[in-house]
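Input: a single structure, listed below in structure tokens.
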Amino acid sequence: MLRDVKTLNQFIVERQADFEYAKGELSSLLSDIGTAVKIINREVNKAGLVNILGSAHEINVQGEEVKKLDMYANDMLIIALSSGEDCCVIASEENENIVEIPTQNNINPAKYVVVFDPLDGSSNIDVNASIGTIFAIYRRISEGDGPGTAEDCMQKGRNIVASGYVIYGSSTMLVYTTGNGVNGFTLDPSIGEFCLSHPKIKLPERGNIYSLNDANFSDFSEGLKRFVNYLKGDAKTEIGKFSARYIGTLVADIHRNLLKGGIFIYPDTAKAPQGKLRLIYENNPMAFLLEQANGKATDGHGVDILDIQPTDLHQRTPLFIGNKDLVDLAEEFIKKYG
Ligand code: P6P
């Protein structure tokens with residue numbers, strides 16, 4: 001019944017009282033993001049039908065081939081956030097430098113900063129596997145009412161005010177937190193609204209899924225190899241039978257583990273001492289959200305992701321994220337065996 005439907009915007013306004021600072025600015029930022037991802041979703045859903053597939057024959061700052069949807073998603077988010085009056089600066093995976101918000105005579109009193117990966121998992125676009133958008137919102141730390149700065153975008157994850165992701169999958173869901181629990185909204189295409197479908201999400205007590213790219217096993221540390229072999233073997237009689245699941249889109253692998261429990265690992269290796277995933281717009285937003293769902297996120301060596309001080313917009317860190325007991329167990333193996 002209509003009375004049972006709670007839309008994202010109704011929910012945001014209802015929960016506005018939870019926000020320590022916002023006089024509606026954070027609410028309108030979240031609504032702007034909701035609008036942008038509905039537009040992105042429309043293009044994602046017809047990606048197979050229009051000439052939006054395939055490479056834009058451009059290489060982004062990550063040195064990766066940019067798919068046209070990446071660029072489209074990036075543009076939509078920048079346009080939505082620039083047209084509002086609540087964002088003073090943006091950092092995006094697709095942009096080498098910060099994205100300044102054009103304003104009259106360089107005055108921008110907006111209080112908030114938004115960082116995002118506009119289209120995570122783009123290598124999965126052409127095979128119709130789930131892809132996603134990841135975002136985090138901070139309050140600006142730069143003084144005055146000029147344009148926001150790179151330092152505004154390079155705050156520790158502990159300072160996050162809100163973070164979340166959109167998964168464009170069998171259905172399109174927006175999952176986010178403002179530091180008061182995690183809530184999931186499913187897009188109802190018939191009314192074009194995200195509707196509350198997964199209130200108060202918490203990780204299941206026990207998780208039995210491990211998610212990592214096994215093809216890199218030979219590059220793993222001795223401790224991580226032993227941890228993975230433990231999950232494949234002795235764990236069965238001690239902590240339960242595990243399943244391996246890996247989609248190759250961070251948003252999809254994290255979303256599954258959030259609902260079913262488990263651990264996702266993208267580790268440091270000798271070849272990639274900082275791993276692959278980006279701290280500011282992938283690992284921090286996910287770490288903030290998983291901690292809100294009773295989870296944990298570290299670099300595999302005892303350092304919480306949210307406590308790492310970023311020094312570069314695109315810096316990478318290893319990521320061990322999911323049920324606390326599994327993250328702790330992985331770290332025990334690494335500590336013991338190196
Ligand atoms: P690999 C997608 O390209 C991505 O950035 C994340 O979404 C995903 O978790 C990871 O890379 C997959 O990397 O090396 O396993 O293909």
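All ligand and atom numbering here is 1-based and tracks the order in the structure.
Evaluation of the salt bridge (Lys or Arg N to Asp or Glu O under 4.0 Å) rule for Glu291 yields Arg158 as partners, not counting sequence neighbours. Glu332 meets the salt bridge (Lys or Arg N to Asp or Glu O under 4.0 Å) test with no other residue; sequence neighbours excluded.
Within 4.0 Å of ligand 1, protein heavy atoms come from Asp120, Gly121, Asn213, Tyr246, Gly248, Thr249, Leu250, Phe264, Tyr266, Lys276, Leu277, Glu282.
Looking at Leu69, Asn95, Ile79 one by one, the single match for side-chain contact (heavy atoms from CB on, under 4.5 Å) with Asn74 turns out to be Asn95.
Applying the side-chain hydrogen bond (donor to acceptor under 3.5 Å, both in side chains) test to residues at least two apart or on different chains, the pairs with a partner in residues 28-39 are Asn9-Ser31, Ser28-Asp86.
Taking a cutoff of 4.0 Å between a charged side-chain nitrogen and a carboxylate oxygen, Asp304 and Lys296 do not qualify as a salt bridge.
You'll find the ring centres of His314 and Tyr281 inside the 6.0 Å limit.
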